[in-house]
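Quick notes on the structure that follows.
Here is the naming used below: chain letters follow the sequence lines, and residue numbers restart at 1 for every chain. We use all heavy atoms of the structure for the numbers below, so side chains are in, but hydrogens, waters and symmetry mates are not.
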Number of protein chains: 2
Amino acid sequence: MIVRSATPSDDADLTARARIRDAALARFAADGFGAPLRAIAADAGVSPALVIHHFGSKDGLRHACDEQVRRIVAEGKEPVYGAPGGHPDRADMFALLADVERYGVPTLYLLRVFQAGGDLARELVDDMVELTRTTLADGVASGAVRPSRDEDARARYLVMLTLGALVVDQALHPADPGDTGGFIRGYMARYALPSAEVFTEGLLLDATMLDAVAATWPAPTDPTPTDPPRTRT
Amino acid sequence: MIVRSATPSDDADLTARARIRDAALARFAADGFGAPLRAIAADAGVSPALVIHHFGSKDGLRHACDEQVRRIVAEGKEPVYGAPGGHPDRADMFALLADVERYGVPTLYLLRVFQAGGDLARELVDDMVELTRTTLADGVASGAVRPSRDEDARARYLVMLTLGALVVDQALHPADPGDTGGFIRGYMARYALPSAEVFTEGLLLDATMLDAVAATWPAPTDPTPTDPPRTRT
DNA sequence: ACAGTGACTGAACGCGTGTTTAGTATCGTG
DNA sequence: CACGATACTAAACACGCGTTCAGTCACTGT
């Protein structure tokens, strides 16, 4: 059993283990998960062997980074969403966005996660879809959001759209590792206006394409099989 | 020139160089650009040394694949857009989409390109942005598309959104290498409806967020194109 | 004082990578 | 036929990777 009596839990962030983890987070965020272990060790000022000693393997290090960023996300989400199932507070959300310098590295790390795919990415996307779904449902109930023919599909699609744009933007114009917050601010400066525009006003003025699409890929009927198989055309 | 024969494999009548190129295209599409040269050589039924002999290096092979997919895109675009600068024909566009089985591998290859970033990705995205810009301008002129406060930014944002969703969807749910068309059809089945819905009807019912965003990030008064920030060290 | 334990390192190992080399078969052309 | 160029391969090479190993150091409990 390992007991860390000499160091308080808060000082744990100063241990070599934490230094390695943070260096890996930054490296992975900057260069992707193909970044060499030796580079991470050099960033942390330790030998490659020590990384293995503390984390067992590169996968173990990756896992520790995942857990760390999960922790950061949870603690950043907490003031915005309050208790689990709570509703987002927009003022706190903007405050969080303004504090983007603090969350720049974890954000870029997450973009690398979504870029690379894998189990954690699927899990996080599912979480975001669920969060978006409930938030949109609240909006629909309060009259702020237009109802959809398929709320689940819309929530997932919106997550894929916004996440994907961030991922590709990062792939196309890699963020300066020294100014991780600049990436987010630049993204906002470029896309905030068209984003707000498209999502409030729409894009197409006539519904011919929507009708054609709705006829070709109809929305799923109610999950209860009491409805007739024929959906509205 | 080349006559297809009833050989067990359609590749048998291609030259080794073309066979290697096609094998690389499929491998890169399936596994990304980190795919080992030896695997590509095995797929093509040749030795790794022959790949180098024909393409000089792995980068050379990658470049040949880029050129090939560029050719395929051009010849697929030609009946839809006609002469350079022509306007898209929607009927031909749907015909092209129906022929997705034929273009499945090049499409997935392109998604890998956008996922990995790099010069080709930037170039292709710029092309697509330009194409989208003119197409949207036509739509605005004909009254089919709503005007924007910043047409350039909107065109770029729409390209990033739709491309990004495809890239992330592929990263999260890798396509079956044996059924590359299934990925596209599945994507359509899942997202065509919410896509058409969002882009014709919009999402938000009141413009408070749009107003706030327009005040924080106003549209450029002068239509000077915003150059992407080059912050590489 | 003294074993014990964990942090830590330099050097090496095994492996997979892209690439090179030397050599063989095959083809086109004088 | 002769011969040079091309297609092609087996084997080896050089290198970077994650990982292992043997050993040193510092600290801790008995």
Nearest whole angstrom, please: distance from the [atom2] of [N] to the [atom1] of [X].
{"X": "A:Arg19", "N": "C:dA7", "atom1": "CZ", "atom2": "C1'", "value": "12 Å"}
{"X": "B:Leu50", "N": "C:dT19", "atom1": "CG", "atom2": "C1'", "value": "14 Å"}
{"X": "B:Phe55", "N": "D:dA7", "atom1": "CZ", "atom2": "C1'", "value": "13 Å"}
{"X": "B:Ile20", "N": "C:dT19", "atom1": "CD1", "atom2": "P", "value": "14 Å"}
{"X": "B:Ile40", "N": "C:dT19", "atom1": "CD1", "atom2": "C1'", "value": "14 Å"}
{"X": "B:His54", "N": "C:dG18", "atom1": "NE2", "atom2": "P", "value": "18 Å"}
{"X": "B:Phe33", "N": "C:dT17", "atom1": "CZ", "atom2": "C1'", "value": "18 Å"}
{"X": "A:Ile52", "N": "D:dG18", "atom1": "CD1", "atom2": "C1'", "value": "6 Å"}

### Query
With nearest nucleotides of DNA chain C determined for A:Gly45 and B:Pro48 from heavy-atom distances, which residue corresponds to the more 5′ nucleotide?
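Its nearest nucleotide being more 5', the pick is A:Gly45.
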
### Message
Closest approach to the side chain of B:Ala16, judged atom by atom: which nucleotide of C:dC8, C:dT19, D:dC8 is it?
### Response
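My answer, after comparing the listed nucleotides, is D:dC8.
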
### Task
Would you mind telling me which of C:dT21, C:dA7, C:dG10 lies closest to the side-chain atoms of A:Ala49?
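It is C:dG10.
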
### Task
Tell me whether the OP1 or OP2 atom of D:dT9 has a side-chain N or O from B:His53 closer than 4.0 Å.
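Indeed not, no polar side-chain atom of B:His53 lies that close.
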
### Message
Would you call the rings of A:Tyr187 and A:Phe183 parallel, tilted or perpendicular, taking 30° and 60° as the class edges?
### Response
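Rings of A:Tyr187 and A:Phe183: tilted, 30 to 60°.
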
Charged N to carboxylate O below 4.0 Å: is that the case for [X] and [Y]?
{"X": "A:Arg185", "Y": "A:Asp179", "value": "yes"}
{"X": "A:Asp66", "Y": "A:Arg62", "value": "yes"}
{"X": "B:Arg19", "Y": "B:Asp43", "value": "no"}

### Query
Hey, which of B:Val167, B:Asp169, B:Val168 is the one that makes side-chain contact (heavy atoms from CB on, under 4.5 Å) with B:Leu111?
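Only one option passes, and that is B:Val167.
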
### Donor-acceptor pair under 3.5 Å, A:Arg38 side chain vs D:dG16 base
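Not at all, since no donor on one side and acceptor on the other fall under 3.5 Å apart.
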
#### Entry: Residue met sooner reading DNA chain D from 5', once B:Ser47 and A:Leu37 are mapped to nucleotides
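Residue closer to the 5' terminus by nearest nucleotide: B:Ser47.
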
